[in-house]
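Everything below concerns the one structure shown next.
Letters A, B, ... are given to chains in the order of the sequence lines, protein chains preceding strands, and every chain is numbered from 1.
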Amino acid sequence: MTKIIDLDVKEKVYKSKKATMSVLNDFKLEVNSGETIAVVGKSGAGKTSLLNILGLLDRNYRGSYQLFGSKTNEYGLDKLAEWRNQKIGFVLQESALIASLTIEDNIRLPLMYAGPEKNAMAAELDGIAGKIGIKHILNKKPLECSGGEKARAVFARAVILQPPLILCDEPTASLDGENKENILSLLSRMNEEYNTTVITVTHDMEVADRHQRKIRLQREM
Amino acid sequence: MKIFNFFIKKIFLRRVVIAVSILLLILLSNYLIFISSRSVVSTMQGYEEIKQLNQKNSYIANLDPESDIAVDRITKDNTQRLYDHLKEEAVRYGILAEGFVIDMPNSQDMEITCSYLNKEYYDMNKQFAISQGEELDFGYDVDDSPVIPVWVGKGLSESYPLGTVTEVYEPVLQRNVTLKVQGILEPNIAHSNMYSLSSKQYYNFSVIVPVNEGFIRNADIDFQLQSLFDIILIDTTKDKVDEFAATIQDELGAKFNFCTQEENFEYFDDIFFSSMKIILVITVVLLVILSGIAVWSSLSSVRMMIKEFTINLFVGMQYSKLRKILYGYHGLLFLVNLLILLGITAHSRHGNWVRKDSYFCTFGFCGLISMDWIALLAVLVFDIILGAILVELMMWRIKKVPISLGVLQ
Amino acid sequence: MSSTNNYHFAVIMMGGPAGRVVKKGINMGDLMKKSLFRNIDRFELIFCYVLCFAFSIAFDYSRRINIGSDYLRSFLEQFYEHQGAITMLFSLVIVVFHCRMIQSRKTEVRCRILVGDTIRAVTARYFCECLVMSGGAFAAALITALAVRTSVLHIVCLFGIMVLYILISSGMVRRFENI
């Protein structure tokens with residue numbers, strides 16, 4: 001098993017006019033390829049901050065982050081964007097869809113930024129849509145879809161380029177039992193079939209229990 | 001190109017009201033620049049022409065604003081004596097008389113006007129460039145029923161090509177004369193009004209007739225009188241000018257002022273350049289306000305589209321790509337604006353043709369002439385600067401909101 | 001409190017839908033508290049209105065005064081002949097404001113409805129507040145126009161256009177009821 005994530009955060013500080021808040025102090029994380037990890041903790045513990053750092057969205061922290069053996073701190077914004085496109089998929093809450101696009105257009109979004117080589121390797125949309133069960137909504141807009149359908153659409157967008165790492169931020173937060181199970185099964189399948197590493201931020205212990213490892217973040221008082 | 005199309009069709013134009021509002025606000029600033037630039041260019045062109053006439057030791061006449069001229073009491077003898085006086089005193093003078101309609105059928109069905117100028121005026125004013133033909137010949141004797149060599153404007157070159165000889169009823173000689181087309185003017189040759197330098201009339205449908213002493217003597221009173229209004233006394237002394245002014249007072253009962261080169265330059269400075277400064281100040285102030293509004297509108301549109309931008313950044317769009325897309329989008333907006341301005345100007349120029357306003361008909365791509373293209377270039381330069389400012393501010397605004405999962409919740 | 005009373009007075013004087021809101025006994029003091037506008041939004045909108053009216057008055061004033069220079073007058077004539085269109089284009093800045101305002105208050109409108117407000121009341125408050133602000137700017141513009149003796153017709157037409165923008169944007173607020 002190869003180590004794909006080697007994160008060492010000394011400190012992540014949020015400053016506002018009224019207060020300064022510090023999270024993830026002296027936080028270390030090593031993740032191997034194919035692992036599934038749940039990140040749990042109370043509000044304000046830094047779960048989303050952790051995902052932002054892991055997802056190459058946030059570089060304003062003290063520390064180092066090696067992803068797939070590369071020191072990401074040395075990369076420029078364009079390179080980080082390229083990696084986000086090709087190596088990371090984000091599974092978020094269903095609100096992360098562009099309302100003016102159809103579900104199909106939303107799912108195809110990463111393909112626009114991938115090169116022709118990556119485009120050729122991309123999973124067939126029809127195949128994914130069929131497996132996930134959203135073929136019937138491809139031509140609909142997000143407003144016309146149910147919460148479960150939108151959640152699966154977000155999942156489809158995250159996996160269309162078959163990224164080796166999937167980051168999930170409360171993916172099942174607003175879903176009923178059946179839809180929650182659907183999403184969790186899909187994530188499991190990605191992990192089993194493609195050895196995809198999955199890191200999930202969640203409040204739901206049932207969701208957390210479905211992962212191989214649990215990391216609990218605590219907020220420093 | 002695919003990504004650019006996607007952004008244009010699926011993101012920017014989805015908010016049609018905003019896109020159209022910003023387009024029209026930019027159109028307003030572009031129109032302002034276009035009008036101001038064109039005014040300045042036209043004025044400078046007029047000024048260059050007048051500089052040629054406003055020479056050292058020359059005096060340009062104008063009717064005193066407080067003086068009344070009783071035209072019906074003036075006879076041809078009165079006016080002829082004035083020309084005789086100039087001859088006796090050996091004072092050289094330049095004249096240009098315009099607006100006399102001549103009956104010359106033509107393919108465009110335009111009303112043709114004659115412009116008369118004597119050799120001295122012709123030598124001073126070099127704006128009459130020809131594309132074909134020869135220099136005008138002023139040596140004919142009008143009493144010998146000669147063939148009078150003339151130049152015609154570009155618009156008449158089809159109906160009256162070079163070398164054409166035609167008999168017409170001459171409006172100032174009030175008899176039939178034979179004209180020979182000796183030259184075709186370059187397109188859009190123009191003459192500026194001395195008291196409104198930006199105001200021009202074009203000779204595309206005019207006949208330029210060379211006049212001499214004999215012609216003036218045979219011409220009617222309208223011609224003789226009109227020629228006096230802007231007469232230029234060349235290379236002479238103040239005493240002779242004052243004497244001539246006194247003679248005019250006696251013969252016509254009207255006061256004519258004769259301004260020196262310095263007085264004329266002072267006049268232009270007072271009237272035109274100070275007005276131009278006011279125009280520039282008004283233009284700059286309005287541009288600052290309109291640019292501020294364009295900036296505010298663009299930043300507002302960023303706020304409205306921040307979710308779309310953020311999701312695209314999530315899935316791998318690079319900031320550099322987004323910057324290019326924004327430049328492309330604004331380039332498209334500005335191109336549409338330029339085309340609209342082109343359309344408005346072409347429509348205005350075309351209107352002159354439809355109304356058969358022969359003095360304002362111009363030749364050029366869509367009827368546009370050099371000052372229009374220079375003004376459009378000024379608009380383009382402004383658009384490039386404004387576009388760069390807008391895009392960089394939009395990028396700054398987008399980057400200010402960190403891409404973060406929190407933004408979408 | 002006195003500013004609330006003045007607000008109350010201004011709305012009653014306008015009658016119409018604002019008056020109906022008053023008659024239904026809605027506490028006008030709440031109008032400010034429940035408003036979709038923040039202070040910065042009010043400032044921006046009033047600034048837009050004032051700018052449009054100022055532009056129109058300046059246009060008319062420049063036509064009225066004796067500009068000594070024919071050259072300057074002939075330059076300004078090129079704008080006078082398109083005065084209506086130019087003023088209308090300038091007023092698009094208000095359209096941009098309304099679009100942005102509507103877009104950014106979508107969630108707030110939905111939340112207000114969730115906690116017991118009605119779309120009708122939200123729309124009416126939005127409409128009234130926009131009308132009061134534009135009415136205030138219009139009154140100031142009218143006084144200025146009369147003071148400098150320029151035409152009030154253009155000011156009145158401009159106010160009519162502003163009311164039209166307000167009506168259309170109020171209609172857009174209603175759409176958020178079911179989203």
Side-chain angles (χ1 to χ4, degrees), chain A residues 14 47-60 76-102 105-116 118-119 141 154 157-158 160-161 163 167-170 173-174 201, chain B residues 1-22 300-329 391-392 394-409:
Chain A
Y14 290 99
K47 301 188 295 299
T48 301
S49 303
L50 175 62
L51 268 197
N52 283 333
I53 292 170
L54 289 172
L56 305 175
L57 297 167
D58 187 356
R59 299 201 301 169
N60 290 330
L77 291 175
D78 286 355
K79 184 74 179 172
L80 294 179
E82 199 184 304
W83 277 50
R84 264 201 308 281
N85 176 246
Q86 290 168 14
K87 299 200 187 294
I88 304 173
F90 291 93
V91 180
L92 309 172
Q93 293 185 38
E94 79 272 13
S95 60
L97 291 168
I98 298 178
S100 54
L101 302 180
T102 60
D105 286 339
N106 268 289
I107 295 172
R108 283 190 184 280
L109 213 53
L111 296 178
M112 276 204 321
Y113 303 103
K118 262 289 176 181
N119 259 284
K141 297 268 176 72
V154 171
R157 185 181 69 196
I160 185 111
L161 284 176
L167 301 175
C168 311
D169 190 7
E170 305 279 8
S174 48
V201 158
Chain B
M1 198 61 194
K2 205 170 65 170
I3 302 174
F4 180 71
N5 281 343
F6 165 77
F7 265 83
I8 295 293
K9 288 183 198 163
K10 308 259 179 156
I11 296 185
F12 294 131
L13 291 184
R14 285 292 160 137
R15 287 175 171 79
V16 139
V17 173
I18 287 285
V20 169
S21 298
I22 293 176
S300 296
S301 68
V302 164
R303 270 171 74 172
M304 288 172 24
M305 292 187 283
I306 197 69
K307 187 176 173 184
E308 282 86 342
F309 289 137
T310 306
I311 290 175
N312 275 277
L313 288 164
F314 256 131
V315 300
M317 182 178 68
Q318 297 157 346
Y319 279 119
S320 55
K321 200 156 261 172
L322 179 58
R323 182 180 259 109
K324 284 181 196 161
I325 288 167
L326 288 174
Y327 270 113
Y329 170 62
V391 170
E392 293 308 319
M394 285 171 84
M395 285 304 299
W396 165 80
R397 185 71 181 80
I398 291 166
K399 282 186 175 177
K400 218 177 141 195
V401 179
I403 328 170
S404 150
L405 300 175
V407 168
L408 297 177
Q409 284 164 5

What are the two closest heavy atoms between [X] and [Y], and how far apart are they?
X	Y	result
A/Leu97	B/Lys307	O-NZ, 3.5 Å
A/Met112	B/Ile3	O-CD1, 3.3 Å
B/Lys10	A/Ser100	O-OG, 3.4 Å

Residue pair B/Gln318 / A/Asn85, side-chain heavy-atom distance below 4.5 Å: no
Among residues 319-327 of chain B, those lying within the under-4.5 Å heavy-atom range of chain A are B/Tyr319, B/Ser320, B/Lys321
d(B/Leu313 CG, A/Leu57 CG) to nearest 0.5 Å is 9.5 Å
When rounded to the nearest 0.5 Å, the distance separating CD1 of A/Ile98 from CZ of B/Arg14 is 10.5 Å
Intermediate values then yes/no, side chain to side chain contact (heavy atoms under 4.5 Å, CB included), A/Leu109 and B/Phe314: CA-CA 10 Å; A/Leu109 213 53; B/Phe314 256 131; over 6 Å; no
Take A/Phe90 and B/Val315 through the side chain to side chain contact (heavy atoms under 4.5 Å, CB included) test and state the conclusion after the steps.
CA-CA 8 Å; A/Phe90 291 93; B/Val315 300; over 6 Å; no
Turns out that what part of B/Phe309 lies under 4.5 Å from chain A's heavy atoms comes down to neither
Honestly, the part of A/Asn60 sitting under 4.5 Å from a heavy atom of chain B is neither
